[in-house]
Structures are given as structure tokens and as C-alpha cells.
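Every number for a ligand or one of its atoms is a count from 1 in the order of the listing. Just so it is clear, the model here is predicted, and its values are computed rather than measured.
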Amino acid sequence: MKIHEYQSKEIFSRYSIPITRELLCYSVADVKEATHKLGLPVVVKAQVLTGGRGKAGGVKLAKTAEAAIESATQILGMDIKGYKVEKILVAEGVKFNSEFYVGLTIDRNTKSIIFMASKEGGVEIEEVAKENPDAILKFPIDPDLGMTAFMARKIAFALFDDFKLVKQAIVLFQKLYTIFLETDASLVEINPLVLTDEGNLLALDGKMTFDDNALFRHLDIEAMNEPTVDEQKEIDAKDKGLTYIRLEGSIGCMVNGAGLAMATMDLIKYFGGNPANFLDIGGSSSPQKVIDAMSLLLADKNVKVVMINIFGGITRCDDVARGLVAALDQMKVGIPIVVRLAGTNSKEGLEIIKHANLPVVETMSQAAQMAISLCKDCMKTA
Ligand code: GDP
Ligand code: MN
């Protein structure tokens with residue numbers, strides 16, 4: 001889960017990491033008032049859940065109240081990488097000498113949290129990462145020791161010569177690590193961390209993402225979630241006991257068990273098709289679950305065929321079949337469905353499916369191939 005810059009900085013300031021004075025705005029009138037309160041100059045910043053706002057024209061320095069209003073008018077409603085700007089952050093315009101990059105993330109290679117730091121912070125950091133990766137220093141943090149004063153000092157000396165700054169940085173880096181741990185973050189980033197004309201370190205921007213599976217421990221953070229349409233579907237599915245991930249293809253999959261769902265997707269790919277989703281309806285599947293799963297698939301306009309692949313262990317195939325028939329009775333399904341049932345009560349299940357005039361296949365491979373050919377047919381007629 002991602003949060004906005006203003007929310008990340010709110011968390012930073014809880015841990016007394018210095019941030020700019022700033023106010024969140026929803027309208028041009030808000031921006032006018034915020035500018036008045038903060039004093040000139042101000043920086044007007046789009047709040048969207050994507051990076052590179054500066055380059056997209058979503059961050060503007062304003063030296064007069066009129067300029068702030070003009071920038072706000074331009075930025076509100078703007079589209080940045082598919083995200084519409086509905087909130088603006090007005091921050092005091094800070095004078096600074098240099099921009100640094102610091103970030104924490106989980107590194108699977110070193111099996112640890114890794115601290116990244118660069119003297120070349122600012123909007124070009126992606127370029128730096130590509131063209132000059134050595135300019136981004138990486139420090140794996142020993143999980144048993146945590147961010148020791150020694151390690152924080154080592155990182156600080158890599159960025160700063162001035163001992164006064166090193167001292168500030170040590171405290172800041174240790175706090176950043178504490179935030180990472182205590183919030184179950186998967187990314188914490190300050191870009192740029194600036195050295196102000198007064199000689200202080202200040203977080204000018206902030207970015208945080210969190211481990212979704214740990215959000216139950218952080219209800220305050222979960223409350224900040226602003227899911228996209230697709231993400232909301234995934235959340236709704238989870239509430240109904242389904243695990244759903246939307247993909248780009250056109251073959252809707254309904255499968256019981258994550259492993260079988262992966263295998264099904266692999267098989268569709270193997271035979272030249274493209275799965276529209278990952279959907280695991282779980283172990284014991286009641287008819288209601290099948291109905292919920294079917295509605296989820298049909299709501300996706302990309303889905304041209306549905307492939308149902310059930311292996312009955314705890315799940316009883318006749319239950320799934322009944323659920324499916326009930327679902328088809330309830331909703332208008334205008335697309336072909338292919339069903340493969342195997343395992344517990346498959347005989348009973350297949351009887352029910354046959355009665356409902358649905359094509360029945362014996363093996364997974366047959367099901368995938370049939371789904372692909374039906375899919376091609378309906379692509380032609382569409
Ligand atoms: P991003 O492009 O989405 O990462 O947005 P940032 O918040 O990092 O802003 C982009 C750039 O705008 C920064 O790298 C700074 O150079 C500049 N900027 C942001 N805030 C200020 C400010 O208060 N004063 C000045 N002079 N420049 C700023
Ligand atoms: Mn930035």
C-alpha cells in the first residue's frame with residue numbers, strides 16, 4: 001500500500017524528522033489561504049500516488065500569491081501517469097544548497113533491510129540509478145544489530161564532510177530505520193533530503209509503502225489507503241474470502257488453491273493464451289463463493305471466456321457445480337465457460353454441469369486449449 005507525500009511526512013514528523021511547514025489543500029481557495037498562512041515563497045505540489053511529479057509539472061515554486069494561485073489552478077485536476085490530482089500540498093519554499101537521496105527497502109539478496117544513500121538526490125535519481133549506479137551507495141543493515149550508531153555514522157560520512165551535518169544525519173538515519181521497522185514499511189524514501197542555507201538537513205519530499213499483510217497491525221495507516229479501482233476490487237474480493245489479482249489477458253480463471261491457480265495460468269500461457277486474472281476461491285467453496293467469483297470475473301470487460309479449474313480435495317466438486325449453476329441462473333453470462341472438475345465428488349459435479357449444457361473436459365490441458373480456441377472465436381465476432 002502506498003501513501004501520499006503529505007502522509008509520509010506526517011509520519012516522519014511523528015518521529016521528529018525535520019520536514020517543511022506545509023498545508024494540505026483541496027481547492028484553489030485553500031491554496032490561497034495556505035499561502036497567506038505560510039508566507040512566500042511557497043511550493044505547490046500535486047499529491048498523487050506516483051513518483052516523478054516534478055518532471056510532469058506537478059511541483060511548482062511560487063514567489064507571489066498570484067503565482068501560487070496560478071500554479072494551483074494548473075495542477076488541480078491534472079493527470080499525472082493516470083492519476084488525477086485532487087489534493088495539493090502547499091509547502092514553505094525552502095532555500096537549499098544540495099539535494100541528497102536516502103531510502104530504506106528490503107533486499108532479498110542480503111536478506112536484510114538495506115539503506116540506500118546518494119549525493120545525487122533530486123528529480124534525476126532514476127537516471128542516476130540507470131547511468132551511474134555506483135553513485136547510489138548501499139548498506140545492508142544487520143537485522144540482529146539494527147541501525148547501530150557505527151553504521152549510521154558510516155553512512156553519514158559517505159554523504160557529508162562537515163561533522164555538524166554528520167551528527168544530524170546519524171540521528172535522522174536511526175529514526176528512519178525505526179520508522180521502517182515500527183510501521184512494517186517496505187519502502188521509506190526521502191528525495192530530496194536537502195541541506196538548507198541555514199545548514200540543516202530537511203526532508204523536502206517523502207515516500208512510503210507498506211506491507212499489505214501487516215496492515216492489520218496499523219489501522220491508522222490502513223485508514224490512509226486510497227485504492228485504485230483495480231485495487232478496490234482486490235480488497236472487496238478478499239472480504240469475500242477470494243484472492244483476486246487482475247491481469248491483462250482475456251481468459252478469466254476461477255481456481256481453487258493458489259498453486260493450482262498458478263499452474264492454470266502457466267498452462268494458458270503455454271498453449272498461447274493470456275490469463276485475465278489470478279483467482280483463488282480457496283479450500284471449501286460454498287455456492288455463494290462461486291457466485292461472488294463469477295460476478296468478479298464478469299465485471300471485467302476484458303474477460304472473453306471463463307475457465308473453471310477445480311480440484312476437489314476438501315472442496316466438493318458437486319458444491320462448486322451447484323454454485324456455478326446457481327450463479328448462471330442469477331446473472332446474464334454472455335460468454336463461454338469451460339469447466340474442468342476433478343477429485344472429490346467429480347462424478348456428481350460433472351452430471352450437474354452436463355445438465356446445465358456447459359462443455360465439460362477431462363484434463364487441465366484440454367480445458368486450457370478449449371478456453372483459448374473459444375476465446376479466439378469470440379475475439380473474431382467481437
Ligand atoms: P517528485 O518529483 O515527485 O519527487 O517531487 P519532489 O517533492 O521531490 O520535488 C521535485 C523537486 O522540486 C525537488 O527535487 C526540488 O528540487 C524541488 N523543490 C521541492 N520543494 C522545494 C522547495 O521548497 N524549494 C525549492 N527551491 N525547490 C523545491
Ligand atoms: Mn522527490
Side-chain angles (χ1 to χ4, degrees), residues 2-13 17-25 31 34-65 67-72 74-105 115-130 132 135-136 159 172 176 179 185 187-209 226:
K2 293 178 188 167
I3 58 173
H4 289 289
E5 171 194 1
Y6 77 92
Q7 294 166 321
S8 304
K9 283 154 102 184
E10 212 173 274
I11 295 175
F12 292 173
S13 74
I17 287 180
I19 59 163
T20 41
R21 286 164 54 236
E22 54 196 34
L23 293 163
L24 183 68
C25 300
V31 171
T35 306
H36 185 72
K37 279 187 188 153
L38 293 169
L40 293 162
V42 291
V43 180
V44 181
K45 309 178 85 175
Q47 298 297 290
V48 279
L49 296 173
T50 181
R53 298 162 304 161
K55 282 193 166 175
V59 177
K60 290 210 158 83
L61 181 71
K63 291 187 176 147
T64 64
I69 289 168
E70 201 189 315
S71 298
Q74 274 172 20
I75 294 173
L76 264 177
M78 190 181 205
D79 187 281
I80 300 180
K81 298 184 188 166
Y83 291 86
K84 195 173 169 214
V85 182
E86 282 163 350
K87 296 190 238 183
I88 281 187
L89 188 66
V90 178
E92 60 175 324
V94 176
K95 289 221 177 77
F96 56 82
N97 284 307
S98 37
E99 299 180 277
F100 299 88
Y101 169 92
V102 290
L104 283 150
T105 190
F115 196 106
M116 299 166 290
S118 178
K119 285 184 182 182
E120 296 178 39
V123 293
E124 300 293 339
I125 194 72
E126 259 98 44
E127 261 54 56
V128 176
K130 245 186 262 156
N132 187 14
I136 300 175
L159 294 185
L172 198 148
L176 220 51
I179 293 180
L187 177 81
V188 179
E189 209 177 71
I190 303 178
N191 185 37
L193 172 73
V194 296
L195 171 58
T196 64
D197 284 2
E198 289 82 41
N200 294 313
L201 294 178
L202 183 73
L204 222 56
D205 188 10
K207 185 171 170 186
M208 291 187 76
T209 61
E226 289 174 19

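- Of the protein's non-hydrogen atoms, the one nearest atom 5 (O) of ligand 1 is R53 NH2, 3.0 Å.
- Although no hydrogens or angles enter the test, the distance criterion places no donor-acceptor pair under 3.5 Å between the side chain of K207 and the main chain of K2.
- The protein heavy-atom contact nearest to atom 2 (O) of ligand 1 is G54 N, 2.8 Å.
- Nearest approach of I179 to M208, heavy atoms of both residues: CG2-CE, 3.6 Å.
- The main-chain N or O of I190 is never found under 3.5 Å from a side-chain atom of D205 such that the two would form a donor-acceptor pair.
- The residue from N191, V123, L61, V194 that puts a heavy atom closest to atom 10 (C) of ligand 1 is V123.
- Other residues, nucleotides and ligands contribute over 12 non-hydrogen atoms within 6.0 Å of the CD atom of E127.
- In the displayed structure, Q74 atom CD is contacted under 6.0 Å by more than 12 heavy atoms of other residues, nucleotides or ligands.
- Counting atoms of ligand 1 from 1 in the listed order, those under 4.0 Å from a heavy atom of E92 are 23 (O).
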For a quick test of your reading: what N or O donor-acceptor pairs under 3.5 Å do the side chains of residues 84-91 make, sequence neighbours left out?
| unit_1 | atom_1 | unit_2 | atom_2 | d |
| --- | --- | --- | --- | --- |
| K87 | NZ | Y6 | OH | 2.8 |
| K87 | NZ | E226 | OE2 | 2.6 |

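- If you put the vertex on the Mn ion (ligand 2), OD2 of D205 and O of N191 sit 90° apart, to the nearest 10°.
- V31 has its side chain out of reach of L76: every pair of non-hydrogen atoms, C-beta onward, lies at least 4.5 Å apart.
- Interface of P192 with ligand 1, defined as ligand atoms under 4.0 Å from a residue heavy atom, comprises 8 (O), 13 (C), 14 (O).
- Here the protein heavy atom with the shortest distance to atom 22 (C) of ligand 1 is V43 CG2, 3.2 Å.
- Scanning D205, I80, V48 for the heavy atom closest to atom 4 (O) of ligand 1 points to D205.
- Atom 19 (C) of ligand 1 has L204 CD2, 3.7 Å as its closest protein atom, hydrogens excluded (heavy atom only).
- The protein atom (non-hydrogen) at minimum distance from atom 24 (N) of ligand 1 is V94 O, 3.0 Å.
- Protein heavy atom nearest atom 27 (N) of ligand 1, with residue, atom name and distance: F96 CE2, 3.5 Å.
- Of the N and O atoms on the side chains of E120 and S118, not one donor lies less than 3.5 Å from an acceptor on the other residue.
- Set against the non-hydrogen atoms of G93, the atoms of ligand 1 under 4.0 Å away are 23 (O).
- Within the 4.5 Å cutoff, no side-chain heavy atoms of V128 are placed close to those of Y101.
- Residue, atom and distance of the protein heavy atom nearest to atom 13 (C) of ligand 1 are E99 OE2, 3.4 Å.
- The side chain of K45, and not its backbone, has at least one atom closer than 4.0 Å to an atom of ligand 1 (non-hydrogen atoms only; side chain from C-beta on).
- Salt bridge absent: E22 and K45 never bring a charged side-chain N and a carboxylate O closer than 4.0 Å.
- Under the 4.0 angstrom criterion, atom 15 (C) of ligand 1 counts as having a protein heavy-atom contact.
- Closest to atom 12 (O) of ligand 1 among all protein heavy atoms lies V59 CG1, 3.8 Å.
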